[in-house]
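Notes to accompany the following structure.
Treat the numbers as computed from the prediction; the structure is a model and nothing was measured. Just so you know, these numbers use all the heavy atoms, side chains as well, and skip hydrogens, waters and symmetry mates.
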Amino acid sequence: EWDALLYARSRLVHAAASQELAAMDVPYLDIADGAGLLAECRKAAALGMTSKLAIHPSQVAGIRAGFLPDDAAVAHARGLLEAWEAAGGGVFQYRGRMVDQPVLRAARRVLVLAGEVDEQSAEVAEDRGGREPTIHVDPGSPTPRDHPANEDLAPLTGRLGRHSSS
């Protein structure tokens, strides 16, 4: 079933990301197959999905486990961001791999998902000094997800992985 829906899932992830909306994967239908649910959640998360619909309460723990980063991913993200700070910003190498802004944003997102950094403090803003963008904490600044044009969609879909309670 995964391969048959891969194209549709990919399109959904792309469309949601372009509008900073959550992308929720379809439910896993085999309620008794916890290992299969976890594997499919990990695939969906790797593809860029932000969550998965549950059809039974017993699936909630497996879905959470499949979408939350493990300890190794959190440690890697922490190390990458510390190395970026030590490098003074810009593009650099970490453990033999090139790191630029999209990689830094992904690392920051890992820390948000792990609960180590809140979403507001993970925002990326341009530094006026001509350097690469820097990560800063500014809880009062508006973000693209707060733009009035997105308000009509928020109750239906949630934004950036958060789901509306209305």
Side-chain angles (χ1 to χ4, degrees), residues 2-3 5-26 38-53 63-151 153-154 156-164:
W2 178 263
D3 290 340
L5 294 176
L6 183 58
Y7 177 74
R9 283 177 165 122
S10 298
R11 292 282 310 233
L12 175 64
V13 166
H14 182 263
S18 72
Q19 298 299 308
E20 296 186 6
L21 298 171
M24 293 186 286
D25 195 22
V26 298
L38 181 61
E40 191 166 289
C41 286
R42 288 186 176 150
K43 285 181 185 179
L47 188 61
M49 295 283 183
T50 55
S51 187
K52 186 168 193 64
L53 297 171
I63 291 170
R64 283 188 179 140
F67 281 89
L68 291 176
D70 61 20
D71 292 341
V74 172
H76 179 79
R78 245 191 260 120
L80 191 145
L81 290 166
E82 289 168 4
W84 178 78
E85 289 289 335
V91 176
F92 68 102
Q93 284 188 39
Y94 180 68
R95 296 182 180 171
R97 301 187 76 154
M98 184 200 81
V99 176
D100 59 0
Q101 289 305 307
V103 175
L104 290 170
R105 279 191 290 276
R108 184 58 79 175
R109 185 73 186 144
V110 166
L111 297 182
V112 168
L113 290 171
E116 292 195 9
V117 177
D118 71 24
E119 205 162 339
Q120 283 288 170
S121 64
E123 293 176 16
V124 178
E126 291 291 330
D127 179 23
R128 304 262 184 223
R131 288 181 8 158
E132 288 289 316
T134 57
I135 296 168
H136 71 99
V137 178
D138 185 3
S141 67
T143 63
R145 69 179 175 276
D146 295 323
H147 191 277
N150 289 331
E151 291 308 310
L153 299 175
L156 300 174
T157 59
R159 291 176 277 176
L160 291 175
R162 294 180 302 169
H163 308 291
S164 175

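Within the 4.5 Å cutoff, the side chain of Asp25 has no heavy atoms near those of the Leu53 side chain. The shortest side-chain heavy-atom distance between Leu12 and Arg9 does not fall under the 4.5 Å cut-off.
Across Leu113 and Phe67, no two heavy atoms sit closer than the pair CD1-O, 4.1 Å. Shown here for Leu80 and Ala107, the closest heavy-atom pair between the two residues is CD2-CB, 4.0 Å. Across all their heavy atoms, Ala73 and Val110 have their closest contact at O-CG1, 3.7 Å.
Applying the side chain to side chain contact (heavy atoms under 4.5 Å, CB included) criterion to Leu6, with sequence neighbours excluded, gives Trp2, Ser10, Leu47. Partners of Arg64 according to the side chain to side chain donor-acceptor pair (under 3.5 Å) rule, which considers only residues two or more places apart in sequence or in another chain, do not exist here. Take Tyr94 and apply the ring-ring contact (aromatic ring centres under 6.0 Å, His included) test, not counting sequence neighbours, and it matches His76.
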Enumerate, atom names and distances included, each donor-acceptor pair closer than 3.5 Å involving a side-chain atom of residues 39-46, sequence neighbours excluded.
{"unit_1": "Glu40", "atom_1": "OE2", "unit_2": "Lys52", "atom_2": "NZ", "d": "2.8"}

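Identified under the salt bridge (charged side-chain N to carboxylate O under 4.0 Å, His left out) test for residues 66-83, with sequence neighbours left out: Arg78-Glu116.
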